[in-house]
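One structure below.
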Amino acid sequence: MPDISEDGRTWLLTGPTSGYAIHLTDDHELLHLHWGPRITLADAEALAVRPLPDYWPFESPLDGREEYPVEGGPRFARPALSVRTQERRGTEWRFEAYEAEDDALRLRFRDGGLAVTLHYRMRDDVVERWATLDNDGPEVELLRADSATWTLPDRDGWRLSQLHGRWAAESRLVRSDLTYGEKVIGSRRGHTGHQHLPWVALDTDATEERGEVYGCALGWSGSWRIAVAQLPDARVQITGGAGYDDSGLLRLAAGESFTTPVFAGLWSDGGYGGASRAWHAYQRMYVIPDAGEDRPVLFNSWEATEFDISEEQQRALARRAADMGVELFVVDDGWFGARTSDRAGLGDWTPNPDRFPGGLKPLADHVHGLGMRFGIWVEPEMVNPDSDLYRAHPDWVQHQTGRKRVEFRNQLVLNLARDDVRDYLWERLDALLSSAPIDYVKWDFNRCFTDAGWPEEAYPQRLWVDHVRSLYALLDRLRGAHPGVDFESCSGGGGRIDLGVMSRTDQVWTSDNTDPLDRLAIQHGFSQIHPARVMAAWVTDSPNTQLNGRVSTLRFRFVSAMAGVLGVGGDLTKWTDDELAEARKWVSLYKEIRPLVQRGDLYRLRPPQGGPSAVQYVLGGETVVLAWLEAQHYGEPVPALRLRGLDPTASYECRETGEVHRGAVLLHHGVRAGLSGDLDAAVLQLRRI
Ligand code: GLA
């Protein structure tokens, strides 16, 4: 329950280590007081009576201090809320009421017919924030309705961490000094995008293990924007929400409402590593479905076969996969309609009769008979013009009258905001999941929005927002109707990874880049915010067939992929008996360490920067280290790895060497992983004795 001052104007939310406080002035301004270590209500009240700086007339004392800056009045900073009606633009609200219960707080304001409710929910040390807009007056156009604005304390020298990328190169971490003005990241592509994960972190002097870190992550799978602003007096605010532009999100007629996605914020004083562990724990506890259940080792056929698939060939792959210890066999693209290349068939979700004459059931039964679960690939939001679906409903795609329909990968985007499209997809997918014993669906999304128009709809078009809502509704309904089916979020690799989609899928496809060396950097970035429990990683062929022809050992490929949810994606029909036997050992080792990887605390011991790198997972009295060496230079010995998260007074036995190490020695002096040469890798398992 939040602490509330006697006058009902100061509120304090408290987590296990952190506190968050806000205050309402007599002029109905909602000011941010505190986000950081735990404080008392008396501390918050002392902050509330501090006078605002006397800034007039060229600066506003409200800028950089408001919880949810609206447009209008004495404000020059970026508004979180920008609305207009026929008569006027902007908001001049009055406070109406608050409600507090359990870990949640709601504050309601009103401007004429528009009610604005700001929501707060404390989940451990993560503050979840969002807003709802309820209109009971004349039509209001929401030009912009962000989820939240976060305010940082006055400090010198803020640094910004972000995850940037593109296709096959997602989630790469960059850290830079923040300067005056705004840094804006986001997506105007209709999906989360490969270019940025919707997350930022700010610190002034943190290291991997020490110092204060503030992080914010958005739960939205459509276009989005996060703006980090350093204002003229050096104060920093972070504002984020759905949509990229300020030019119109939705219209709200009388009686209509809009709820923003959640923008979650976390303060940690445990450095970048402590912040990541807190984010991981939060997602495993509150976001990811059934996170207590470990993910199975999967095989995916895509890199092995691409579009050239047949039932017989899939059976052969399945036999080899099962023999290796794989637990889930996934048939990727090419099983349906006329889908023999990326030019046709998307939209026709029935098995290709030439390839699967008896439908999918015989293959699914075969896979189950081998002791594995059975999965398929779909891309429901898309259609090839060369498909029965498009021939029947050319008006079902996003398009603008009299304009080109831009094809990417020979496909168009269905307008999921339409009820008939959503109903069709529900019926087809429900029928598909009922037609064969399917346990797993890899749900792909392989192009961005381009001509996102809906001829029957006036602007601003709800298509952008409603596409995401429909996707969520479809996933929720399918999960409800088929509770045994697990889902993977994929978008040409990691183009749709965010807290929104993660709350309704079981794992995500991290990247189409399966090169085990590139993956270390991608996984390092991914781990800043998301846990290994959702991070799918496949062992594929060497030389790498998809990207760069890099040659690497099976050992290096396995240890790289074992840092997440292990999968195998190579052409097993070409692997030698020795390779298959070695793979079986790695899969079996992964199953031993899987509880630690998927449920343990992650410590990044050394980042991948050309030399040795390593991660460590700790669960109870067990720990495992995965270490990699990109290249050894000058014959120099590879440094020992200092471990983390251990009991200094305990002793630990190493499974691989049988040696017993003292906890204090492992923590302060480290252990050698025995790496040498190029592209080497090692696994060390230690158990407290
Ligand atoms: C996307 C996915 C791949 C594969 C192909 C199939 O690129 O990221 O893993 O499923 O589509 O067309």
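Because the structure is predicted, anything quoted here is derived from the model rather than measured.
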Going by atom types alone, do Gln546 and Thr514 pair a side-chain donor with an acceptor below 3.5 Å? no
Are a donor atom and an acceptor atom from the side chains of Glu311 and His366 found within less than 3.5 Å of each other? no
Just by distance, no angles: are the side chains of Asp348 and Ser387 close enough, under 3.5 Å, to form a donor-acceptor pair? no
Heavy-atom closest pair (Pro531 atom, Arg284 atom, distance to 0.1 Å) is CB-NH1, 4.1 Å
Quick test of your reading: applying salt bridge (charged side-chain N to carboxylate O under 4.0 Å, His left out), list the pairs with at least one residue in residues 424-433, sequence neighbours left out, ordered by first then second residue. none
State, yes or no, whether a side-chain contact exists between Val615 and Leu605 at a heavy-atom distance under 4.5 Å. no
Would you call Arg295 and Glu327 a salt bridge, using N to O less than 4.0 angstrom? no
Side-chain donor-acceptor pair under 3.5 Å between Ser221 and Tyr472, yes or no? yes
Just checking His393 against Tyr424, ring centres under 6.0 Å apart? no
Does the distance from a Lys or Arg side-chain N to an Asp or Glu carboxylate O, for Lys574 and Asp541, drop under 4.0 Å? no
Are Arg479 and Asp506 within salt-bridge range, i.e. N to O under 4.0 Å? yes
For Asp512 and Trp509, which I'm curious about, is there any donor-acceptor pair between the side chains at under 3.5 Å? yes
Taking atom types as modelled, find out whether Tyr390 and Gln411 have a side-chain donor-acceptor pair closer than 3.5 angstrom. no
Trp167 (side chain) donor-acceptor with Gly492 (main chain) under 3.5 angstrom: yes
Would Thr573 and Asp571 count as having a side-chain donor-acceptor pair, cut-off 3.5 Å? yes
Would you please name every residue forming a side-chain contact (heavy atoms from CB on, under 4.5 Å) with Thr305, sequence neighbours left out? Ser301, Ile309, Gln313, Gln314, Leu317
Ion pair Arg320/Asp323, N-O distance below 4.0 Å: no
Just by distance, no angles: are the side chains of Asn544 and Asp515 close enough, under 3.5 Å, to form a donor-acceptor pair? no
Between Trp377 and Asn300, do the side chains contain an N or O donor and an N or O acceptor separated by less than 3.5 Å? no
For the residue pair His191 and Gly495, what are the closest heavy atoms and their distance? ND1-O, 2.9 Å
Please check if any side-chain donor atom of Asn384 sits under 3.5 Å from a side-chain acceptor atom of Arg339, or the reverse. yes
Decide whether Glu656 and Gln685 meet the rule of one side-chain donor and one side-chain acceptor closer than 3.5 Å. yes
Salt bridge flag under 4.0 Å for residues Asp444 and Arg496: no
Charged N to carboxylate O below 4.0 Å: is that the case for Arg504 and Asp476? yes
Taking side chain as C-beta onward, heavy atoms only, is Phe374 less than 4.5 Å from Val331? yes
By side-chain contact (heavy atoms from CB on, under 4.5 Å), Asp680 pairs with (sequence neighbours left out) Arg555, Leu629, Leu675, Ser676
Donor-acceptor side-chain pairing of Asp439 and His368 below 3.5 angstrom: yes
With a 3.5 Å distance limit and no angle check, can you tell me whether Arg519 reaches the backbone of Trp538 through a side-chain donor-acceptor pair? no
Is there a donor-acceptor contact under 3.5 Å linking the side chains of Gln528 and Tyr272? no
Between Ser276 and Arg604, do the side chains contain an N or O donor and an N or O acceptor separated by less than 3.5 Å? yes
Just by distance, with hydrogens left out, do His164 and Gln195 show a side-chain donor and acceptor under 3.5 Å apart? no
Taking the side chain as everything from C-beta on, heavy atoms only, tell me whether Asp332 gets closer than 4.5 Å to Trp335. no
Regarding Trp586 and Glu582, is there a side-chain donor-to-acceptor distance under 3.5 Å anywhere? yes
Do Ser542 side-chain atoms and Ser552 backbone N/O form a donor-acceptor pair below 3.5 Å? yes
May I ask you to check whether Phe329 and Phe299 place their ring centers less than 6.0 Å from one another? yes
Hey, are the side chains of Gln598 and Asp294 touching, using non-hydrogen atoms and a 4.5 Å cut-off? yes
Between Arg422 and Ser470, is there a side-chain donor-acceptor contact under 3.5 Å, judged purely by atom types and distance? yes
Are Phe556 and Pro516 side-chain neighbours, meaning at least one heavy-atom pair lies under 4.5 Å? yes
State whether the side chain of Glu579 and the backbone N or O of Thr576 hold a donor-acceptor pair below 3.5 Å, judged by distance alone. yes
Tell me, do Ile529 and Leu163 make a side-chain contact under 4.5 Å, heavy atoms counted? yes
Arg550 atom CZ: more than 12 heavy-atom contacts under 6.0 Å: yes
Can you confirm whether the side chains of Arg175 and Ser161 place a donor and an acceptor under 3.5 Å from each other? yes
If every non-hydrogen atom of Ala614 is compared with every non-hydrogen atom of Val625, which pair is closest and at what distance? CB-CG1, 4.4 Å
With a 4.5 Å cut-off on side-chain heavy atoms, are Tyr590 and Val683 touching? no
Checking the side chain of His194 only, and the main-chain atoms of Glu170 only, is there a donor and an acceptor separated by less than 3.5 Å? no
Step through the shown structure and confirm whether more than 12 heavy atoms of other residues, nucleotides or ligands are within 6.0 Å of NZ on Lys361. no
For Arg277 and Asp601, work out which heavy atoms get closest and say how close. CD-CB, 3.8 Å
Output field: ring centroids Phe307/Trp302 closer than 6.0 Å: yes
Under 4.0 Å between a Lys/Arg side-chain N and an Asp/Glu carboxylate O for Asp451 and Lys404? no
